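Every value quoted in this text rests on a predicted model; they were computed, and no experiment measured them. Position 1 is the first residue of the sequence; numbering continues from there.
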Amino acid sequence: MTTVLIADDQPLQRFGFRMLLESQDDMTVLDEAANGTEAVRKAAELRPDVVLMDVRMPGLDGIEATRRITASGDRTRVLILTTFDLDEYAYAGLRAGASGFLVKDAQPEDLLSGIRAVAFGDAVVAPALTRRLLDAYVHHLPVGGSASSSMPSPPDPRLAALTDREREILTVIGKGWTNTEIAARLHLAESTVKTHVGRVLAKTGSRDRVQAVICAYETGLVQP
């Protein structure tokens with residue numbers, strides 16, 4: 001059973017999400033939160049598998065709430081919900097530790113599959129959408145990342161422990177390749193790819209594939 005906390009300041013929106021989620025045999029809504037402060041408190045108390053997090057809420061916003069929830073080290077994962085005109089906020093949410101994001105007008109089946117994927121430790125952002133998001137806001141990267149000038153910068157410590165193959169895997173993850181595509185194009189067994197991806201996530205300190213994509217951009221392995 002996947003447990004969910006819904007964080008949104010719109011009562012009708014929360015009601016709609018609850019109705020959808022509770023129609024599923026494998027999901028249950030533990031509670032709702034109308035702002036970021038409530039979301040942080042209830043996530044700590046209830047320890048849901050997934051928090052559906054709106055970005056714009058009164059008081060503590062969804063981005064800071066996401067940062068606090070993921071920084072706690074608990075197992076709870078955050079799925080950002082946003083609208084197309086809030087891409088910048090979604091990017092900030094991913095940087096804060098969210099496991100992915102969906103737009104609020106997504107199809108119900110996409111939201112449900114997204115929640116399940118996040119609950120099992122996967123990322124739910126479509127690769128092409130991830131790239132567009134990072135390309136659009138790559139100027140937010142710190143100096144020394146791919147958005148910096150042509151001046152040389154010291155090697156990023158996150159890359160130091162990677163083997164050549166793992167660095168290659170991180171690069172193509174950043175380009176949005178799926179495990180199946182990596183296996184086919186690099187002539188590897190898919191089980192081998194999964195092993196490499198797991199090692200890349202561990203060595204770079206990435207919570208999931210979305211965070212690995214961000215790492216690839218920040219370290220300059222992938223250029224916008």
Side-chain angles (χ1 to χ4, degrees), residues 1-126 129-130 132-133 137 140 206-211 213-214:
M1 182 68 70
T2 298
T3 57
V4 181
L5 172 66
I6 300 171
D8 196 298
D9 64 328
Q10 299 295 323
L12 188 59
Q13 195 79 255
R14 296 197 305 271
F15 178 78
F17 288 141
R18 178 183 282 273
M19 290 288 288
L20 174 64
L21 270 54
E22 293 190 339
S23 70
Q24 304 299 301
D25 293 336
D26 62 339
M27 291 187 188
T28 185
V29 176
L30 296 181
D31 207 345
E32 300 174 8
N35 56 60
T37 301
E38 279 189 7
V40 173
R41 176 174 60 80
K42 291 183 177 182
E45 292 174 355
L46 302 173
R47 301 184 65 198
D49 296 316
V50 179
V51 177
L52 287 183
M53 184 73 75
D54 187 24
V55 174
R56 282 186 168 176
M57 293 185 288
L60 190 72
D61 65 21
I63 294 170
E64 182 57 30
T66 295
R67 185 175 292 110
R68 296 185 188 185
I69 290 171
T70 58
S72 71
D74 209 343
R75 63 186 178 86
T76 298
R77 293 179 177 271
V78 178
L79 176 57
I80 293 284
L81 295 169
T82 186
T83 53
F84 282 117
D85 62 337
L86 293 179
D87 278 354
E88 184 171 1
Y89 292 94
Y91 174 83
L94 296 177
R95 292 289 304 277
S99 293
F101 82 96
L102 291 172
V103 292
K104 285 187 175 180
D105 61 355
Q107 294 297 314
E109 57 268 25
D110 292 335
L111 176 59
L112 294 171
S113 63
I115 292 171
R116 293 185 180 103
V118 167
F120 281 97
D122 204 352
V124 303
V125 184
L129 196 53
T130 303
R132 287 202 304 272
L133 186 64
Y137 296 103
H140 286 275
S206 302
R207 283 169 54 90
D208 50 41
R209 206 178 188 94
V210 170
Q211 300 301 311
V213 172
I214 292 174

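Judged purely by atom type and a 3.5 angstrom limit, T76 uses its side chain to pair as donor or acceptor with the backbone of P48.
Closest of all the heavy-atom pairs between T70 and G97 is CG2-O, 3.4 Å. Nearest heavy atoms, L79 versus G114: CD2-C, 4.3 Å. Between A39 and I69, the shortest heavy-atom contact is O-CD1, 4.0 Å.
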Using side-chain contact (heavy atoms from CB on, under 4.5 Å), reason through K104 and D54 one step at a time and then give a plain yes or no.
CA-CA 9 Å; K104 285 187 175 180; D54 187 24; 3.1 Å; yes
Please determine whether side-chain contact (heavy atoms from CB on, under 4.5 Å) holds for the pair L5 and L30, giving the CA-CA distance in whole Å, both sets of side-chain angles, and the decisive distance to 0.1 Å.
CA-CA 6 Å; L5 172 66; L30 296 181; 5.6 Å; no
Show the numbers, then the answer: is there a side-chain contact (heavy atoms from CB on, under 4.5 Å) between F17 and V29?
CA-CA 9 Å; F17 288 141; V29 176; over 6 Å; no
side-chain contact (heavy atoms from CB on, under 4.5 Å) between T3 and L46, intermediate numbers included
CA-CA 9 Å; T3 57; L46 302 173; over 6 Å; no
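More than 12 heavy atoms of other residues, nucleotides or ligands lie within 6.0 Å of CE in M1, so this atom counts as buried by the packing criterion.
Using a 4.5 Å heavy-atom cutoff, the side chains of L111 and L81 are in contact. Here the side chains of D9 and N35 are not in contact, with every heavy-atom distance at 4.5 Å or above. Here the side chains of M27 and L112 are in contact, with some heavy-atom distance below 4.5 Å.
For P11, the side chain to side chain contact (heavy atoms under 4.5 Å, CB included) criterion is met by R14, not counting sequence neighbours. For the side chain to side chain contact (heavy atoms under 4.5 Å, CB included) test, residues two or more places apart in sequence or in another chain that qualify with A65 are V40, M53, L60. The side chain to side chain contact (heavy atoms under 4.5 Å, CB included) check on A98 picks up T66, V78, I80, L94, with sequence neighbours excluded. Under the side chain to side chain contact (heavy atoms under 4.5 Å, CB included) criterion, Q10 pairs with D8, Q13, sequence neighbours left out.
One finds the OG atom of S99 at 13.5 Å from the CZ atom of R209 (value rounded to the nearest 0.5 Å).
Residue pairs meeting the salt bridge (Lys or Arg N to Asp or Glu O under 4.0 Å) criterion with at least one member in residues 107-117, sequence neighbours excluded, are D26-R116. Listed by first then second residue, pairs satisfying salt bridge (Lys or Arg N to Asp or Glu O under 4.0 Å) with a partner in residues 65-81 read R47-D74, D49-R75, E64-R67, E64-R68, R77-D208, not counting sequence neighbours.
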